[in-house]
Amino acid sequence: MNIYVNQLGYLPNTAKHAVLACPPEQSAELSAVSDKARICKEDGTCLLEKELIPFGPDTASGDYVFRIDFSEITECGTYVVKWNNETSYPFRIAPDLYTKLNVLLSKALYFQRCGMELTAPYAGKYARKTCHTAPTVLWTEYEKFLNNELPEDSMQKFDIRGGWHDAGDYGRYTTAAACALGHILYAYRFFPDAFTQSLNIPESGNGIPDILNECRYELDWMLQMQAEDGSVYHKHTTKNHAGFVMPCDDTNQMILLPPSSMAVADFVATMALASRIYRPFDAEFADRALTAAKKSQAWLVAHPEFLFEHIKECGTGGYGDRSDIDERMWAAMELYRTTGEEHYLELARSFFEKHPNPIQYGWADISGFAGWALLEDELTLDASFVQSGTLTSAEQDFRVAYKALLQKEADHLLEVMTSSGYGVALEEKEYCWGSNLSVLNRGMLFGTTYRLNPKPEYFTAVVRQMDYLLGINATDYSYVTGVGAHAFCNPHNRITVAAHLEEGETIPGYVSGGANGTRWVDPLAKELIPEGTPPMKCFVDRWECYSLNEITIYWNSPAIFCAAFLDCVK
Ligand code: 9MR
Ligand code: ZN
């Protein structure tokens, strides 16, 4: 039996729940105990006694679940939940929990930086040497290069540097980068007050919010991924993943893999969005980003077909896709929002009509970002924000259609959430590789819906998704390193593995991929997790388990969005 709490804690005025779970065979015994749950302060004084709320069997975890609601406690402090002889991990109630979480989540991106030395003033004991600065070659010339079949001077070499390592590997992938930047730039656009803290990075103090400084590091790399003709390379990696060595010791040849239409469209969208966001701080960069976006948009228009070649000889991340409608929709929508030119809106609408459910926020389907662009002025909490241009009837129409879809999806997901004993808006079949991204995507969707239609249920739904991430899940872990009394601490991250840190030590602020019921191809996960384990429990905190416990930039980024929402939205 276990009592699960949000190990980070709870905001004073939001919904607070804990979950008491046991194996189904103990449920009768548990129901017979008439004890109430007690919410106690650190010194043992109990503030509140609450009846357990029986939920019953929870399919995703296989547990029999009771819930404890203690929303009425609003006093700041450190608490535990007790029931019978069980005690939860301690947690806090405080107004700034999500501000602090956001700093950690954002600073983790600094630790992903490639192509520069991380020095002690910013990286502390995780300081490390520079990496991946040697020239890159094209995949089409790579074999010849290796076999010395091409004279040195006829090779095309590219000096591409910087960006964030994607994950526990050292690759850099355009669509993954766009996904992370989309979450973060919109988090900043909608909730700028959540980003006033210093991240203690080399650019700190330059008058630009640090979150934008950090994103700029990725944007500058992305700009280099644009080819002469306006297409954009899909990825920039070695042929195979490096071993578990420090990035500076990964000296394998870097390669540029061929463009994909998703990469081009994502590039257009990200640059058009960045152009708007950075304009008040750096007009030169804003112009450059927009020019780059338009150049790639011209390529997209000239190449209306879906383009993606899965190159199986290259063993790094695939980031394959089956459709580029969502990316093209996002690109057109961002260009419309940045330039005000009507034809982009029409183009975006034409892709919208072709998309069955354009409200996704993951790397494979980023259609929801187009919705954020469409509704930007309605979603932002930035008091100084002024939407340029007038609202045409075509746009008005589009907004009505989009909002109806969003509302429908949010209501459907509320039902999914209500059918989970743990309050997570994930169906049993949705615990796949990176399930925490799906959880956080739902958090972002609820948050977006709440801003348009402030029903308390949507707000609480955002809280519940973060509760899941931070400890109210059947694994007993907080899925953010360094956050909570029992946070996972063995991420699949080459840097922390190669550094041979002490037991339990790790760089804070990383989000784990989370439970993965599909068991996939990961040998240790398969060995350690018995067949038939309920999906929410398919997790082990072992660094070898790449399909469970890797970290990525786009698992941190939606957490940044949700944390910023909870920090600012009342
Ligand atoms: O996050 C990706 C996940 O959704 C996919 O199922 C998985 C297999 O294709 O790949 C994940 O992405 C990995 C990427 O390919 C390479 N860098 C690490 C990423 C996280 O595991
Ligand atoms: Zn690197």
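Only heavy atoms go into these numbers, but all of them, side chains included; no hydrogens, no water, no symmetry mates. Atoms within a ligand are numbered from 1 in the order they appear, just like the ligands themselves.
There is a side-chain donor-acceptor pair under 3.5 Å between Tyr510 and Gln112.
Which parts of ligand 1 touch Ala167 is read off a 4.0 Å heavy-atom cut-off, strictly below it: atoms 17 (N), 18 (C). Atoms of ligand 1 found under 4.0 Å from any heavy atom of Gly317 (numbered from 1 in listed order, with element): 14 (C), 15 (O), 16 (C). Atoms of ligand 1 lying under 4.0 Å from at least one heavy atom of Glu550, given by number and element, are 18 (C), 20 (C), 21 (O).
With the Zn ion (ligand 2) at the apex, Cys114 SG and His132 ND1 define an angle of roughly 110° (rounded to 10 degrees).
In terms of N/O distances under 3.5 Å, ligand 1 is approached by Trp433. Residue-to-ligand polar distances place Asp169 within reach of ligand 1: an N/O pair is separated by less than 3.5 Å.
Contacts of Trp555 with ligand 1, taken as heavy-atom pairs under 4.0 Å, involve the side chain alone.
Put simply, CG on Leu257 and OG1 on Thr316 are 6.0 Å apart, with the number rounded to the nearest 0.5 Å.
Aromatic pair His241/Tyr170: ring centres not closer than 6.0 Å. Ring pair Tyr4/Tyr422: centre-to-centre distance below 6.0 Å.
Judged purely by atom type and a 3.5 angstrom limit, Glu141 uses its side chain to pair as donor or acceptor with the backbone of Gln156.
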